[in-house]
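Some notes on the structure that comes next.
Lettering follows sequence order; numbering is per chain, from 1. Computed from heavy atoms alone, side chains included, the values below leave out hydrogens, waters and symmetry copies.
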Amino acid sequence: MSAPVTWPLPAAVDLATLGPLAASISLGAGQSTGIHPVPGHDGWLVKLYHKPADTDAATCLDWLIALPATMPPADRDLVAAAMSWPVAAVVDGGKTIGCILPQAPAKFRATRPPDDTERYLEIDWLARPAASFTRRGLAPPTYRERLRVGHDLVAVCALLGRYGLVYSDWSYSNAFYSTTDHSAYVIDVDGCGRHRMTNIFQPNWEDPHTPRSSPADITTDRYRVALLVARLLTGERAVVHVLHALGDLSDPALTEILRDSLLATTPAQRPAAATLLAVLDGRPYLRMPVDRMPLPPRPAVAAVPTQPVHATAATSPARPGKPATPVRPTADHSGRWAAAVVVALLALIVMAILLAAN
Amino acid sequence: MTDGMHHMRQKCLPTYLVIDVSTSMSQHEQVLNQTLKKLHSTLANSPRVSEFAHMSIIAFSTQPWVVIEMTDMEYVPGMPEVACDGMTNYGAAFDLVRDRIDIDLPALTAQGKAVLRPIMFFLTDGAPTDADWESAFRSLVDKGRRRRPHVVTYGFGAAPEEVLGRIATKAAFVADGSSGQDEALSTALHSMLNSLVASAQADELLIPAQATGYKSVPLEYLD
């Protein structure tokens, strides 16, 4: 169910007026305890925070809610199409305890193995090599399809940058994609900060120039969205492998702008999302000089198995008559077997000769 | 790779799931297999978790054996069925985990990963049947060993609370009897899975403070 164009209630609603909430559609994670459908308002969700927002966060949320009304139509259209942007604060006892968000459109849902239940498709599903899809009996996305999803993500990042908003939480789980039109949808926009915000850490998304204790800013977003797009385009996930795989892209300008973003020795030199968007659009852009770290060497050993990993027979080695996997590395007995076979063959030959002689 | 490029190494939490498959577990065999399948399905379809928490599954009874070698579960096509039989020999299982850690961790490092201290989730429904298990355990978690694992234990059935508390280095849970044993087993594996998901999101090892149907056991430190 997609949200109607306009939220029908005021920009601040009391929790009590929403009525009893249905069960959460999402496990409580990050800053929320859960996300619930709004009773009587299909397509809208209530996100409840772990703790009431402090004054700064509540003020920022109110500002975010009011912002789209001041945007030019093109930006408003992008907000509606590609972002779960907050439309109202939820208050209780005078404190902001959550917000109202539009539910992502149904086109971002699809069934996936092994259980074939319909669910929102996280970008996590797309940032994989083609082999990962074929192993599951799915058609792998084409490069062009990956490119279109990446384009939407960069467009969102560029829009946020235009309004001085920092998202910080670019990762595999905070955006959905559509297998029908290859568009993307970014969630949790209510967590954005103005100019800087908490540096949200997830493994393998660390900005090398933003220590964990330091706030994230627009340059952190530039790094993380570039990394996300690079992972989408290459299907690789380890940064080292991503950096090398970028060299295989058919568009050298895209390779270079993404490597500029990921390898810049100074965060301020990272190309703006608007520049990356221009490259993706094939529009003219200005490439500023960037001092890069050297491209690190590829690890000698492949990061992932080249063949599926098979489990051993899950039966105790002590159980008679069942195949057992050695508990510890054991000596190779193949030589002994070969010798036994040779002896047996020789014995057969001798017997045959003896029989023939008789 | 220089320190400045350390962030480029993919972080990896080697996770050992060590499961008691002795005779006493036979009554839970079906639930165990169903839950393992669900565990595999969840991990295999959540790359951000499976690439962070690489997993090896080790079963033990009279002897231990490696059911699945340390890997990203995405690359394991399916989970085998576990058959329960034999004694509950903890010691050989601890020896095998120690040996596997010495094989697996260098292999992960060679793949360019930034390897965190491994964690062992130990599930049992019974007391150890081998008398000298404790020396194997001490060797596994010896503070002089750089690769010693964190240990979290889940016990149900006849698993002795006191032993679970001695084995665990991070957290020990014992079923409180509020639910059936099958449910306790399923809950333990879900608790472990939640721990891995939370750790993957938080960039650090997060052990649940509680598990539904379990009570926490005070840890007894060896030193």
Just jot down the side-chain hydrogen bond (donor to acceptor under 3.5 Å, both in side chains) partners of B/S50, sequence neighbours excluded, or say none.
-> B/D72
Does the distance from a Lys or Arg side-chain N to an Asp or Glu carboxylate O, for B/R145 and B/D102, drop under 4.0 Å?
-> yes
Among B/F173, B/Y154, B/F94, B/F137, which residue meets the ring-ring contact (aromatic ring centres under 6.0 Å, His included) test with B/F122?
-> B/F94
B/E74/A/R136 salt bridge by N-O under 4.0 Å criterion = yes
So does B/Q30 have more than 12 non-hydrogen atoms from other groups sitting under 6.0 Å from CD?
-> no
Measure distances from A/S171 to the heavy atoms of chain B and classify the residue's part below 4.5 Å as side chain, backbone, both or neither.
-> neither
Most chain A-contacting option - heavy-atom pairs closer than 4.5 Å, from B/S46, B/P47, B/C12 = B/P47
With A/T255, which residues qualify under side-chain hydrogen bond (donor to acceptor under 3.5 Å, both in side chains), at least two apart?
-> none
Contacts of residues 122-131 of chain A with chain B (heavy atom under 4.5 Å) | A/E122, A/D124, A/W125, A/R128
Portion of B/A44 that has a non-hydrogen atom of chain A nearer than 4.5 angstrom | both
Whatever's closer than 4.5 Å to a heavy atom in chain B on A/I200 counts as neither
Looking only at heavy atoms, the pair that brings B/W133 and B/P128 closest together is NE1-CG, 3.3 Å
Residues two or more places apart in sequence or in another chain: which of them pass ring-ring contact (aromatic ring centres under 6.0 Å, His included) with A/Y167?
-> A/W170
